[in-house]
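Order of the sequence lines fixes the chain letters, A, B, ..., with proteins taken first and strands second; residue numbering starts at 1 for each chain.
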2 protein chains.
Amino acid sequence: MVEFADLNSVAFDMAPIGIVLTEQRVIRVVNDVFAGLTGRRKDALQGLSFRELYDSPREFDDFRDIGMAALQRGETYSDERLLAKQGGVATWCRFRARTLTPADPLARVVMTYAAISDVSSGVRLTPREREVVVFLSQGKTSKEIALVLGLSPRTIEDVRARLLKKLQVRNVTELLSRLASGDF
Amino acid sequence: MVEFADLNSVAFDMAPIGIVLTEQRVIRVVNDVFAGLTGRRKDALQGLSFRELYDSPREFDDFRDIGMAALQRGETYSDERLLAKQGGVATWCRFRARTLTPADPLARVVMTYAAISDVSSGVRLTPREREVVVFLSQGKTSKEIALVLGLSPRTIEDVRARLLKKLQVRNVTELLSRLASGDF
DNA sequence: AAGTGATACGGTATCAATACCGTATCAATA
DNA sequence: TATTGATACGGTATTGATACCGTATCACTT
């Protein structure tokens with residue numbers, strides 16, 4: 001049987017989720033899965049600024065402002081975001097962050113990235129479909145959605161049908177379940 | 001600055017998700033967050049069978065069968081499920097599992113639990129309700145669930161009705177939506 | 001100029017889900 | 001002992017969802 005310290009590092013590296021630890025936004029530790037998400041080698045990530053992983057400096061700064069309040073309160077911050085992969089491909093991720101130093105939140109942060117779906121290889125939804133899927137995820141019926149959008153319930157059923165066909169599922173609950181688990 | 005090995009274990013323990021490594025379903029390694037999710041001490045979890053974390057042996061066995069196929073293919077298995085906390089409170093989690101030993105999947109598994117919401121608003125779900133809500137979150141129909149559990153579809157509809165009444169929602173999609181957003 | 005995909009809407013048929021009615025067993029407990 | 005809650009099942013009625021049929025407009029692209 002493997003010894004305890006070894007198992008710890010195995011659990012860290014093989015956890016089915018990307019993990020990265022930064023100090024003042026400089027990458028100090030990553031696990032194998034995170035390296036895979038970024039399409040870079042582990043040693044290439046060491047010491048790299050987190051800025052390099054975003055497409056634009058603005059995206060980078062956005063998070064610094066958005067997540068800061070939660071971090072200072074010692075809470076876990078979470079959202080969904082794109083993680084840039086080398087080669088232009090992006091991965092849609094559930095992102096979570098927690099600081100180890102609430103007084104100076106960015107001094108040491110542990111972040112996780114759970115891949116939801118590859119936007120590049122995924123199915124493209126139309127604006128109307130994206131609009132409706134939000135109402136569907138709130139448990140609204142076709143009639144209720146039609147009322148809000150000022151359309152015929154029949155039209156909402158059309159959008160539902162298009163969504164089910166595009167994503168190859170049998171009902172809306174399965175659609176939402178697969179969206180949440182990143183099957184698309 | 002702290003040395004590398006230390007940072008690794010910090011990243012492991014402070015990652016904003018629960019991580020647990022099991023060997024033949026016996027808990028070998030857990031991080032601080034997982035211990036917190038279960039309401040138990042880290043040392044109390046060491047060596048414990050995973051069975052102890054579920055209310056009934058049936059709930060325990062359910063997963064073993066459901067996730068096995070994906071694990072054998074070396075893929076990450078994921079669903080949403082309730083993790084029982086000591087004291088009766090349950091936490092709705094995004095669950096992910098990956099085996100390190102595809103030939104004998106349960107020999108060594110790393111699992112993560114990302115807390116979605118505490119079902120803590122005075123609502124207590126029964127074992128059967130918890131069992132069924134997992135299938136519902138996968139978009140399964142009453143007939144499909146009845147087949148798997150060896151019950152009448154009529155009985156599954158009873159459980160559905162109890163869940164809707166308990167959580168004061170009008171349909172299953174709304175139930176799942178509120179679970180996912182932490183409204184309970 | 002023709003074709004394609006998205007939008008919007010109507011009808012209809014079928015299946016699933018929800019909401020009631022009822023009975024019955026069983027375990028816990030007041 | 002009586003009651004309560006969970007489980008399990010049957011019937012039935014209504015609403016919602018899904019799957020087809022059709023037409024039509026509009027923007028965009030071959």
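Look at C:dA28: its Watson-Crick or wobble partner, with both distances under 3.5 angstrom, is D:dT3.
Of the candidates C:dA8, D:dA8, C:dA17, the closest approach to any side-chain atom of B:Thr141 belongs to C:dA17. Each of D:dA8, D:dT18, D:dG16 was ranked by its minimum atom distance to the side chain of A:Glu157; first place goes to D:dT18. Which of D:dG16, C:dA8, D:dC9 sits closest to the side chain of A:Leu151 comes down to C:dA8. For A:Arg154, counting side-chain heavy atoms from C-beta on, the closest listed nucleotide (D:dC20, C:dT18, D:dG11) is D:dC20. The side chain of A:Lys143 lies closest to D:dG16 when the candidates are C:dA8, D:dG16, C:dT18.
For the atom pair CG of B:Asp32 and CG of B:Asp13, the computed distance is 4.0 Å after rounding to the nearest 0.5 Å. Expressed to the nearest 0.5 Å, how far CG of B:Leu176 lies from CG of B:Asn171 amounts to 9.0 Å.
A donor atom on one side chain and an acceptor atom on the other are not found under 3.5 Å apart for B:Arg108 and B:Thr99. In summary, the side chains of A:Ser49 and A:Arg25 do not present any donor paired with an acceptor at a separation below 3.5 Å, with no hydrogens or angles considered.
Taking 4.0 angstrom as the limit, A:Lys166 places a side-chain polar atom (N or O) nearer than this to OP1 or OP2 of C:dA6. Between A:Ser152 and the phosphate of C:dA8, there is no side-chain N or O to OP1/OP2 separation shorter than 4.0 Å. OP1 or OP2 of C:dA17 has at least one side-chain nitrogen or oxygen of B:Ser142 nearer than 4.0 Å. Proximity of B:Thr155 to the phosphate of D:dC9: a side-chain N or O atom is located under 4.0 Å from OP1 or OP2. OP1 or OP2 of C:dT18 has not a single side-chain nitrogen or oxygen of B:Arg170 nearer than 4.0 Å.
With rounding to whole Å, A:Leu163 atom CG is found 15 Å from D:dA19 atom C1'. A:Glu144 places its CD atom 8 Å from the P atom of D:dA17, with the value rounded to the nearest Å. For A:Asn171 and C:dT14, the CG to C1' distance is 16 Å, given to the nearest whole Å. The CD1 atom of B:Ile145 sits 13 Å away from the P atom of C:dA16 (whole-angstrom rounding). Atom CD in A:Glu131 sits roughly 16 Å away from atom P in C:dA6 (whole-Å rounding). Atoms CZ (A:Arg160) and P (C:dC9) sit 16 Å apart, rounded to a whole Å. For the pair A:Ile156 CD1 and C:dA8 C1', the computed distance is 10 Å after rounding to whole Å. If you measure from atom CZ of B:Arg128 to atom P of C:dA27, you get 15 Å, rounded to the nearest angstrom.
Under the 3.5 Å distance criterion, the side-chain polar atoms of B:Glu129 are matched with a main-chain donor or acceptor of B:Thr126. Formation of a donor-acceptor pair under 3.5 Å by the B:Glu144 side chain with backbone atoms of B:Thr141 is found in this model.
Within the 4.0 angstrom heavy-atom criterion, only backbone atoms of the sugar-phosphate kind lie near B:Val172; the bases stay farther away.
Comparing B:Gly150 and A:Thr173 by the nucleotide of DNA chain D that holds the closest heavy atom to each, the one mapping nearer the 5' end is B:Gly150.
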